[in-house]
Number of protein chains: 2
Amino acid sequence: MILISADIETQIIDDIMQQIVSKTIEHGEKLPSENELAKKYKVPRMTVRNALTKLEERGYIYSLQGKGRYLKEESTQIQLHLTGKTSFTDKMKEAGYDLKTHNIICEKISFNEQLFQNVNAGKEDNVYKIGRLRYINDEPIAIHYSYVSEKMFPKIEVDGPKIESMFGYYRKLGYKGFTSKKSLLSITFPTSDEQQLLSCKSMVPLIVVESDCIDINTNKVLEHTKILYRSDKFKYDITMD
Amino acid sequence: MILISADIETQIIDDIMQQIVSKTIEHGEKLPSENELAKKYKVPRMTVRNALTKLEERGYIYSLQGKGRYLKEESTQIQLHLTGKTSFTDKMKEAGYDLKTHNIICEKISFNEQLFQNVNAGKEDNVYKIGRLRYINDEPIAIHYSYVSEKMFPKIEVDGPKIESMFGYYRKLGYKGFTSKKSLLSITFPTSDEQQLLSCKSMVPLIVVESDCIDINTNKVLEHTKILYRSDKFKYDITMD
DNA sequence: ACACAAGCACTTGGCGACAAGTTAAGATGA
DNA sequence: TCATCTTAACTTGTCGCCAAGTGCTTGTGT
């Protein structure tokens with residue numbers, strides 16, 4: 001197989017990444033300065049700079065003006081079983097993680113055909129978005145959005161801002177068992193708001209998992225769920241069994 | 001919830017992305033020039049430029065020197081059921097896609113503890129990496145690596161470079177049914193080689209699915225599988241049933 | 001001998017001028 | 001009238017200089 005020479009910037013990224021995974025550069029250690037790297041690779045400083053900026057945006061390194069660039073401390077990847085059948089809270093607690101949740105938003109959303117259809121809401125109905133931020137070991141790692149219709153949950157406007165676990169809320173209202181329809185996974189990048197909430201850089205991919213939560217008795221859709229996971233904090237177990 | 005003002009560059013990205021998803025900018029259409037955008041957002045051209053460069057690296061837009069920047073043509077996302085139980089080939093053919101495969105590599109790999117352990121190989125055994133590039137509608141969309149031990153498949157060195165479907169190869173050797181152990185999903189970025197093979201930019205995330213393929217009769221591990229999917233070309237169905 | 005401040009050599013960050021490429025309009029000549 | 005060349009006004013791309021920040025070294029005064 002023959003490959004034409006790729007642009008040098010990408011090759012520099014490859015080289016540094018290789019040094020990171022092979023632990024030639026250790027966590028917390030200072031990287032060579034831009035000028036040193038420019039001399040090493042025989043390229044203008046800008047080329048090195050672009051490569052380093054990309055690594056920074058991907059979240060591998062950070063920079064301090066006047067000091068240098070440093071490899072971030074190692075952060076363990078949490079292994080998570082990706083299935084809609086149990087609640088996020090239960091999954092994490094079972095796995096023994098220190099999980100905290102903050103309710104960050106509860107607001108009426110404007111009409112959106114696809115979304116309203118998912119929760120069996122008509123154009124005149126009200127649909128609320130309830131957002132929680134999930135922390136593990138006090139690090140934000142996921143944003144969890146639930147979309148519910150006011151028709152189904154009349155008190156949602158006042159209850160919404162206090163909810164941390166939707167499953168808990170449903171149980172209190174008498175719902176006993178839950179299941180889910182199709183679960184879809186895709187990849188996106190954080191908006192500026194999401195970057196701040198998750199305290200991550202703009203090029204850290206987010207894994208989006210969307211599904212509907214269904215009451216096992218009535219078979220009615222209770223909510224549409226959308227979870228944004230920081231992809232650098234997880235390894236997902238998608239074993240089918 | 002109060003958010004401190006994020007850096008302007010990120011906000012510009014948000015704004016342009018919003019215009020893309022709301023179809024204010026149409027596919028193939030020319031974006032405003034860097035100077036126009038700089039005037040619009042009241043920022044130096046460099047800031048706009050950085051924002052646009054990021055969008056380009058994520059694969060949403062492309063640029064032509066002297067002409068301008070353009071929104072890419074729409075590319076449909078293929079929906080794929082992510083499970084290890086059926087072969088990649090079968091999955092795609094079932095779904096009715098025009099799938100082509102090219103064998104791109106077959107080589108003996110150097111010792112790697114984790115990997116060798118996966119295929120039950122000792123330090124003295126030979127393990128081969130067989131790589132195929134998957135095309136759908138003549139677009140490269142995934143790189144599929146299979147790791148097999150020579151101990152298990154003595155003729156792999158000569159057969160390897162011709163194999164397009166490992167399952168087919170195993171069936172020819174008398175293996176009848178396959179299953180898989182744990183499947184793990186994570187996110188990575190393409191190396192320069194992978195960028196060329198998949199003809200994608202450096203910031204297009206790749207979905208990595210790793211698992212072991214097991215002979216259903218003997219329960220022996222046949223291969224360790226690692227598939228790199230272009231995340232922008234797929235929506236993954238991870239429904240459990 | 002010690003405290004402190006100035007300076008220097010290094011780091012990363014940002015901006016502006018210019019280079020390179022494209023297009024279209026207009027001048028020029030047959 | 002038409003073909004062709006020149007020019008100018010746009011586009012994106014690149015490079016280098018200087019600003020800003022850090023910390024060590026050195027010199028000076030008490």
Side-chain angles (χ1 to χ4, degrees), chain A residues 4-13 15-17 19-20 25-73 192 195 200-203, chain B residues 4-13 15-17 19-20 25-73 192 195 200-203:
Chain A
I4 314 301
S5 66
D7 70 309
I8 302 165
E9 183 186 310
T10 320
Q11 288 178 32
I12 295 174
I13 295 179
D15 192 49
I16 297 176
M17 280 304 291
Q19 290 178 51
I20 293 176
I25 308 172
E26 298 206 0
H27 292 281
E29 199 181 319
K30 188 173 173 308
L31 272 68
S33 78
E34 296 177 357
N35 283 319
E36 283 179 72
L37 291 170
K39 200 159 59 181
K40 173 178 175 188
Y41 296 110
K42 299 191 179 71
V43 294
R45 183 166 80 104
M46 258 311 162
T47 309
V48 170
R49 217 174 139 61
N50 286 335
L52 291 170
T53 304
K54 281 186 187 173
L55 288 174
E56 184 173 349
E57 280 155 5
R58 290 180 190 181
Y60 294 116
I61 63 176
Y62 63 97
S63 64
L64 298 175
Q65 191 178 59
K67 296 190 73 174
R69 299 184 185 266
Y70 300 84
L71 185 55
K72 276 198 188 166
E73 292 301 328
S192 56
Q195 282 172 49
C200 66
K201 308 288 288 186
S202 65
M203 288 299 189
Chain B
I4 315 300
S5 65
D7 70 311
I8 303 166
E9 184 185 310
T10 320
Q11 288 178 31
I12 295 174
I13 295 179
D15 192 50
I16 297 175
M17 280 304 291
Q19 290 177 48
I20 293 176
I25 308 170
E26 297 206 2
H27 291 282
E29 197 182 321
K30 187 173 174 306
L31 272 66
S33 79
E34 295 177 357
N35 283 319
E36 283 179 71
L37 290 171
K39 201 160 58 180
K40 174 178 173 187
Y41 295 110
K42 298 191 180 70
V43 293
R45 183 167 81 104
M46 261 310 164
T47 308
V48 169
R49 221 177 133 60
N50 285 335
L52 291 169
T53 305
K54 282 187 186 172
L55 288 174
E56 184 174 349
E57 279 155 5
R58 290 181 190 179
Y60 294 116
I61 63 176
Y62 62 96
S63 64
L64 299 175
Q65 189 177 43
K67 296 190 72 173
R69 299 185 185 266
Y70 300 84
L71 186 55
K72 276 199 188 163
E73 292 302 327
S192 57
Q195 283 171 46
C200 66
K201 307 288 288 188
S202 65
M203 288 298 189

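Per chain, numbering begins at 1; letters A, B, ... match sequence-line order.
- Note that CE of B:M17 is 7.0 Å distant from CZ of B:R58, once rounded to the nearest 0.5 Å.
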How does protein contact run along nucleotides 17-22 of chain D, one letter per nucleotide 5' to 3', with B for base contact, S for sugar-phosphate only, - for none, heavy atoms under 4.0 Å? B--BBS
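- Counting heavy atoms of neighbouring residues, nucleotides and ligands inside a 6.0 Å radius, atom NZ of B:K72 exceeds 12 of them.
- Between B:R69 and D:dG13 there is a side-chain N or O to OP1 or OP2 distance below 4.0 Å.
- Side-chain N/O atoms of A:S63 include one lying less than 4.0 angstrom from OP1 or OP2 on C:dG13.
- Across all strands, A:E56 comes closer than 4.0 Å to no nucleic acid atom at all (heavy-atom distances).
- The phosphate of D:dT11 has OP1 or OP2 within less than 4.0 Å of a side-chain N or O from B:S33.
- Rounded to a whole Å, the CG atom of B:N50 is 9 Å from the P atom of C:dG14.
- Note: CZ (A:R49) to P (C:dG14) measures 7 Å, nearest angstrom.
- Summarising the geometry, atom CD1 belonging to A:I20 is positioned 8.5 Å from atom NE2 belonging to A:H27; distances are rounded to the nearest 0.5 Å.
- Distance CG/A:L55 to CG/A:L71: 9.5 Å, rounded to 0.5 Å.
- For the residue pair B:D15/B:Q11, the side-chain donor-acceptor check at 3.5 Å is not satisfied.
- We find the CD-CD distance between A:E73 and A:E26 to be 10.5 Å, quoted to the nearest 0.5 Å.
- For NZ of A:K30, the number of neighbouring non-hydrogen atoms (other residues, nucleotides, ligands) closer than 6.0 Å is greater than 12.
- In this structure, A:E34 places its CD atom 16 Å from C1' of C:dA9, rounding to the nearest Å.
- The OH-P distance, from B:Y62 to D:dG13, rounds to 13 Å in whole Å.
- When heavy atoms are screened at a 4.0 angstrom cut-off, B:L52 is found touching no nucleic acid atom at all.
- Listed pair A:N35 / C:dC10 fails the phosphate criterion, with no side-chain N or O lying under 4.0 Å from OP1 or OP2.
- Applying the ring pair (Phe, Tyr, Trp, His ring centres under 6.0 Å) test to B:Y62 and every residue at least two apart in sequence or in another chain returns B:Y70.
- In this structure, the separation between CD1 on A:I12 and NZ on A:K54 is 10.5 Å, given to the nearest 0.5 Å.
- When each of B:L31 and A:P44 is assigned the nucleotide of DNA chain D with its nearest heavy atom, B:L31 is the one assigned upstream, toward the 5' end.
- For DNA chain C, each stem of at least three Watson-Crick or G-U pairs (distances under 3.5 Å) is given as range with range: C:1-30 with D:1-30.
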